[in-house]
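Just so it is clear, the structure is predicted and the values come from calculations on it, not from any experiment. Numbers restart at 1 for each chain; the letters A, B, ... are given by sequence-line order, proteins then strands.
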Protein chains: 2
Amino acid sequence: MQLSPMIESFVFHFGEMGSRWGFNRTVGQMYALLVVSDKPLNANQIADALNISRGNVSMGLKELQSWQLIQQSHIPGDRKDYFTPRGTIWEMANRVFEERRKREVDPTLSMLRDILLEAPANDSEAYAQDRMREIHDLLETTTQWASELQRLNPDKLNTLMKLGAGVTRMMEIKEQLLGGSGKQTDKATGQAPDNTSDRKSE
Amino acid sequence: MQLSPMIESFVFHFGEMGSRWGFNRTVGQMYALLVVSDKPLNANQIADALNISRGNVSMGLKELQSWQLIQQSHIPGDRKDYFTPRGTIWEMANRVFEERRKREVDPTLSMLRDILLEAPANDSEAYAQDRMREIHDLLETTTQWASELQRLNPDKLNTLMKLGAGVTRMMEIKEQLLGGSGKQTDKATGQAPDNTSDRKSE
DNA sequence: CTAAACTTTCAGAATTTTCTGAAAGTTAGA
DNA sequence: TCTAACTTTCAGAAAATTCTGAAAGTTTAG
């Protein structure tokens, strides 16, 4: 199969980017290809389209399955395995975040916790522990936020964001609520989605 | 200089993790070392502590400076360059995010935009463009959120988080406020949402 | 059971990334 | 100016990662 130039540039670009997301170039290309393909592909089609070896494709598919990013399917009367991406784009992004958290952040947090249990032997170690505690707290806070964001229904989240309700805005409202009587102020109601007003000037 | 076991395990762990953040193992180690060190270090001390060549340290420092993660300083009567991390842990994390956005997300968005301007030549390309549009919108929305988070004063953000005010909770409140007046269920994107179901075989 | 059709594995090859250290470059002070 | 003290550069070496393809493994049909 010969890829159209449009699809080819997408696939190649994501190949390069893919390495930043935890897998290598070919795996990134394979996934990109599956995402933009309107029908399931089998391993040979992938190898052919990307000009890589059949063995490489097999390993890449295994990797993508371990990330739960693709799904296997079958076509009646055909013994080959076909593959499609699994879930919506949002779900896929979530899955990648989740997986990276498990593989990278969690072990780091656990290492930091272990070290922070030790008693510092001298001033240098005390100083180092202070820095580590900061990092630990930052990671913990950040992952907690991220996991809350992930729990939200994507449509809802998306709608809210498109509304121009930035975090800043939400926090202002929240603070108003907490600070005052819990009453709705007119200032906050019925906002038109004007998101341009509070962006920074550059 | 001989590192204490505690500091050594921190430094080594961050070396491994560092590669996920856009720089290589040694650069990660160097940065970790500077962060937990209670006094500025010069290039020779770093090379010595990490057992790497002087040249490698020079390149690593250059890299860290390009990320704006470290700062140079001097000790009177000493011609060597000394280095310390720059800014608070929060600021450093922000800087890494920012830098990665510039290097990875921005080029991707620009590529997607270019492709989306082209007229699809056939059904396959139309399908592919739909997927790309979803990715484009996701990236755009996410980076906008991220930039708003970054604009917040860290203390404020941290306080709010510690308050137990999760995003979900904030959104509930926000919706309560909006509920009366504005029609906010604006299906802004109008995207074909999750199309996974209309693929051929499953 | 066997054969055909397919998938996976993995040793070694190819490629990419990182590291070293000698040489070249820079700077400050005498 | 020159020299000593320091930093940077970069070609080639070393290390790590990725890829290939033949062989081994698996599954289904008959």
Of Gly55(A) and Arg25(A), the one whose closest DNA chain C nucleotide lies more 5': Gly55(A)
Non-neighbouring partners of Ser58(B) that pass side-chain hydrogen bond (donor to acceptor under 3.5 Å, both in side chains), sequence neighbours left out: none
Side-chain N or O of Thr26(B) closer than 4.0 Å to phosphate OP1/OP2 of dC19(C): yes
Nucleotide dT26(D), atom C1' - distance to CZ of Arg54(A) in whole Å: 13 Å
Neighbour count above 12 (heavy atom, 6.0 Å) for Asp123(B) CG: no
Sugar-phosphate only, base, or nothing, as touched by Ile52(A) at under 4.0 Å among non-hydrogen atoms: sugar-phosphate
Exam field: side chain Ser110(B) to backbone Asp106(B), donor-acceptor pair closer than 3.5 Å: no
Spacing of Asp78(A) atom CG relative to dT7(C) atom P, expressed in whole Å: 9 Å
Given dT27(D), dT18(C), dT20(D), the nucleotide with the shortest approach to the side chain of Asn24(B): dT18(C)
Separation of dG12(C) P from Met59(A) CE (nearest whole Å): 16 Å
Euclidean distance, atom CG of residue Asp48(B) to atom P of dT20(C) [Å, nearest integer]: 13 Å
Protein-nucleotide distance (Arg79(B), atom CZ; dG29(C), atom P), rounded to Å: 7 Å
Phosphate contact (dT9(C) OP1 or OP2) by Ser58(A) side-chain N/O below 4.0 Å: no
Polar side-chain atom of Glu16(B) near backbone of His13(B) as donor-acceptor pair, under 3.5 Å: no
Integer-rounded Å distance: dT18(D) C1' and Asn56(A) CG: 7 Å
Rounded distance in Å - CD1 (Ile46(A)) to P (dC6(C)): 15 Å
Residues in side-chain hydrogen bond (donor to acceptor under 3.5 Å, both in side chains) contact with Arg25(B), at least two apart in sequence or another chain: none
Residue whose nearest DNA chain C nucleotide is more 5′ - Val57(B) or Leu61(A): Leu61(A)
Interatomic distance, Lys62(A) NZ vs dC19(D) P [rounded to whole Å]: 15 Å
